[in-house]
Amino acid sequence: IRADIFSQESQCSAADYTKRLATTYFPIRYGSQAADGQIHKLGAAAALKLQETFSQISTSLTLSEVEPYTLNWHNTDQQIQATTLAHKTDVQYVLAVTIDDISVERNQANPFTFWKGEKAIRNFAYTLTLLNGASGEELMNKQYRISEAWEFDMTRKLDVNSDQFWRSGYGRAVLKLMQRSAIDIEEFAVCEPTMGRILAVSNNQLQINLGKNQKVKAGDALTLFSVQQIRDSFGQEYRQFFLHPTSLVVTQVFAETATVTSRDRSLLANIQPNDYVARQ
């Protein structure tokens, strides 16, 4: 049993808000390894189980979106994919997960002890990368691996969404590994600033994509950041964030959005949609 305990005095204000994450179905890097047991859909099932894990153990993070397709995180531009996915799903963080190894090691039974049957061990290894949805910056990268007894026949077609699979020794070991991942991400992100995106600007008021569901309350103080796109000599785009001198206050809160204005009622100049606010 693991307990994460935060004293009320030292807990950061950023932990007051719920940060949202998005991911896709996990690609299996070597698809041929899924032939044993016909578990080609394990990447989709594992992504949904990770979403369930966050809902069970995390109070400051929610894996709000699991897009029903895979992205090849290991051999394409992570930055572009992350910012595109974050904008589409309206989240702060993107999880890029690739299943690296689900190979099976089978040991043939000894002819003199054939009644003991064949023994098999199956691996489960994946690489998890946490990315900033606004900039595509890599914030955390970690590899996880387990090896566990595999109790199923090679030719059997398994339902990776069934209780039988997830209650097996292998399924329970994979769930435990994903719980460790969720805890690692929460420990990293719990006191990071909670970022929200500006949806609209009108009458010196800003509409942001954070609301009651993210625990925003009227009167909360927020910091404003403007965003500038720059391009290097190779054509690669980057985002730079500049702190705006005016502090903000939340005036109205709705389920998924809120209205904010300047705390001193000064004019909010040069602010546009897709700039950002933060709870620090």
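If you read the sequence from its start, that first residue is 1, and numbering goes on from there. Note that this is a predicted model, so its numbers are computed, not measured.
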Let's go through F225 and L243 carefully: what are the C-alpha distance in whole Å and the side-chain angles of both, what is the deciding distance for side-chain contact (heavy atoms from CB on, under 4.5 Å) to 0.1 Å, and is it a yes or a no? CA-CA 5 Å; F225 292 88; L243 178 64; 4.0 Å; yes
For residues [X] and [Y], report the shortest heavy-atom separation together with the two atoms involved.
{"X": "A134", "Y": "T83", "answer": "O-CG2, 3.8 Å"}
{"X": "T70", "Y": "T24", "answer": "CA-OG1, 4.1 Å"}
{"X": "E192", "Y": "K19", "answer": "O-CE, 2.9 Å"}
{"X": "A45", "Y": "W166", "answer": "CB-CZ2, 4.1 Å"}
{"X": "N132", "Y": "L139", "answer": "N-CD1, 3.8 Å"}
{"X": "M140", "Y": "D184", "answer": "CE-CB, 3.7 Å"}

Any side-chain heavy atom of [X] within less than 4.5 Å of one from [Y]?
{"X": "S64", "Y": "V91", "value": "yes"}
{"X": "T246", "Y": "L268", "value": "yes"}
{"X": "T127", "Y": "N141", "value": "yes"}
{"X": "F124", "Y": "S147", "value": "no"}
{"X": "H87", "Y": "N274", "value": "yes"}
{"X": "L63", "Y": "L50", "value": "yes"}
{"X": "L267", "Y": "N204", "value": "yes"}
{"X": "P273", "Y": "V201", "value": "yes"}

When you compare the side chains of [X] and [Y], does any donor N or O come within less than 3.5 Å of an acceptor on the partner?
{"X": "T194", "Y": "Q92", "answer": "no"}
{"X": "Q33", "Y": "S103", "answer": "no"}
{"X": "D264", "Y": "S266", "answer": "yes"}

Using ring-ring contact (aromatic ring centres under 6.0 Å, His included) as the criterion, list what pairs up with Y30, not counting sequence neighbours.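 Per chain and number, Y30 pairs via ring-ring contact (aromatic ring centres under 6.0 Å, His included) with no residue.
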Just do the side-chain contact (heavy atoms from CB on, under 4.5 Å) check on T261 and L248 with the steps written out, would you? CA-CA 5 Å; T261 188; L248 304 176; over 6 Å; no
[X] and [Y]: same hydrophobic cluster, using ILVMFWY side-chain contacts below 4.5 Å?
{"X": "L131", "Y": "F26", "value": "no"}
{"X": "V277", "Y": "V250", "value": "yes"}
{"X": "Y126", "Y": "L21", "value": "yes"}
{"X": "I271", "Y": "V249", "value": "no"}
{"X": "Y93", "Y": "V216", "value": "no"}

Looking only at atom types and distance, does a side-chain atom of [X] sit under 3.5 Å from a main-chain N or O of [Y], one as donor and one as acceptor?
{"X": "T53", "Y": "K49", "value": "yes"}
{"X": "Q81", "Y": "Q78", "value": "no"}
{"X": "S135", "Y": "E137", "value": "yes"}
{"X": "T257", "Y": "F254", "value": "no"}
{"X": "S60", "Y": "V190", "value": "no"}

[X] side, atom [atom1]; [Y] side, atom [atom2] - distance, nearest 0.5 Å:
{"X": "I183", "Y": "F54", "atom1": "CD1", "atom2": "CZ", "answer": "10.0 Å"}
{"X": "I198", "Y": "L210", "atom1": "CD1", "atom2": "CG", "answer": "10.5 Å"}
{"X": "N72", "Y": "T98", "atom1": "CG", "atom2": "OG1", "answer": "7.5 Å"}
{"X": "S168", "Y": "R122", "atom1": "OG", "atom2": "CZ", "answer": "10.5 Å"}
{"X": "I57", "Y": "E52", "atom1": "CD1", "atom2": "CD", "answer": "11.5 Å"}
{"X": "R156", "Y": "D159", "atom1": "CZ", "atom2": "CG", "answer": "10.0 Å"}

Salt bridge between R106 and D36, side-chain N to carboxylate O under 4.0 Å?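 A salt bridge is present here (some side-chain N lies under 4.0 Å from a carboxylate O).
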Does this structure show an ion pair linking K88 with E65, if we count only N-O contacts that are shorter than 4.0 Å?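 So K88 does not pair with E65 through a salt bridge.
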Which residue in the set R279, K215, K217 passes side-chain hydrogen bond (donor to acceptor under 3.5 Å, both in side chains) when paired with D16?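 Of all the options given, the one that passes is R279.
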Can R197 be said to sit on top of Y276's aromatic six-ring, NZ or CZ under 6.0 Å from centre and within 45° of the ring axis?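 Not flagged: R197 not positioned over aromatic ring of Y276.
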Identify all side-chain donor-acceptor contacts of residues 169-177 below 3.5 Å with residues at least two apart in sequence or on another chain.
residue: Y170; atom: OH; partner: N123; partner atom: O; Å: 2.9
residue: R172; atom: NH1; partner: R167; partner atom: O; Å: 2.4

Restricting to pairs with a member in residues 242-257, which pass salt bridge (Lys or Arg N to Asp or Glu O under 4.0 Å), not counting sequence neighbours?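 Qualifying pairs, neighbours excluded: R20-E256.
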Do other residues, nucleotides or ligands put more than 12 heavy atoms under 6.0 Å from N270 CG?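 12 or below, so no.
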Show your reasoning for whether side chain to side chain donor-acceptor pair (under 3.5 Å) applies to Q207 and T259. CA-CA 5 Å; Q207 305 299 321; T259 303; 2.9 Å; yes
